[in-house]
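Have a look at the structure below before the remarks.
One-based numbering, in listed order, for ligands and for the atoms of each. The figures here come from the full heavy-atom set of this structure, side chains too, leaving out hydrogens, waters and symmetry mates. Numbering of residues begins at 1 and proceeds along the displayed sequence.
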Amino acid sequence: MEIKELIKAAKEASARSYSPYSKYRVGAALLTMDGKIYTGANIENAAFPAGMCAERVALFDAIKNGDNKFEALVIYAEGVNFPFPCGICRQVISEFTRDIKIIIARSEDEYVIKNISELLPDSFEFTI
Ligand code: THU
């Protein structure tokens with residue numbers, strides 16, 4: 001799977017964003033080790049905190065379907081800045097992935113690639 005193809009899938013997902021409040025359309029595309037793609041888009045709500053980020057929509061869909069081995073995640077949003085994931089999404093991503101490529105794209109050709117330990121060093125893990 002080419003990075004470009006995964007970026008396209010995230011871009012297509014961003015077109016299905018429900019974001020009447022921020023007007024910021026985010027799409028995510030999550031590639032599993034066996035080549036499946038789960039997508040997500042941000043879904044907002046009149047009660048703002050009830051909304052959900054695109055990355056978590058994709059990740060939760062994959063987990064709910066029994067997929068938990070991932071290769072890459074694209075987060076796509078067109079705007080002035082690269083769409084770096086919010087802190088909550090970084091924590092959720094860290095729960096399910098270790099060294100996958102996280103591709104942060106603001107167009108089909110403009111992206112940066114990070115891994116989760118760069119985005120969230122010393123992440124919280126639940127151990128007692
Ligand atoms: N958003 C995401 O979808 N992913 C992030 O990592 C950051 C923020 C969405 C949430 C909200 O719908 C909009 O972007 C503006 O914050």
Practice task
In plain terms, say whether K8 and E108 are close enough for a salt bridge, that is, a side-chain N and a carboxylate O under 4.0 Å apart.
Solution key: yes
Practice task
Decide, yes or no, whether a salt bridge links K36 with D67 under the criterion of side-chain N to carboxylate O below 4.0 Å.
Solution key: yes
Donor-acceptor pairs are to be reported for all side-chain atoms of residues 13-20 against protein atoms at under 3.5 Å, with residues two or more places apart or in another chain.
residue : atom : partner : partner atom : Å
S14     : OG   : K11     : O            : 2.6
S17     : OG   : S19     : OG           : 2.6
S17     : OG   : N42     : OD1          : 2.7

Which protein N or O atoms sit under 3.5 Å from any N or O of ligand 1? Give atom names and distances.
residue  : atom   : partner : partner atom : Å
ligand 1 : 3 (O)  : A54     : N            : 3.0
ligand 1 : 4 (N)  : E55     : OE1          : 2.8
ligand 1 : 4 (N)  : E55     : OE2          : 3.4
ligand 1 : 6 (O)  : E55     : OE2          : 2.5
ligand 1 : 6 (O)  : C86     : N            : 2.9
ligand 1 : 12 (O) : N42     : ND2          : 2.9
ligand 1 : 12 (O) : E44     : OE2          : 2.5

Practice task
Output yes when a side-chain donor or acceptor of E44 lies under 3.5 Å from a complementary backbone atom of Y21, and no otherwise.
Solution key: yes
Completion exercise
The salt bridge (charged side-chain N to carboxylate O under 4.0 Å, His left out) partners of D109 (sequence neighbours excluded) come to K4
Under 3.5 Å donor-acceptor pairs involving side-chain atoms of residues 73-84, not counting sequence neighbours:
residue : atom : partner : partner atom : Å
Y76     : OH   : E78     : OE2          : 2.4

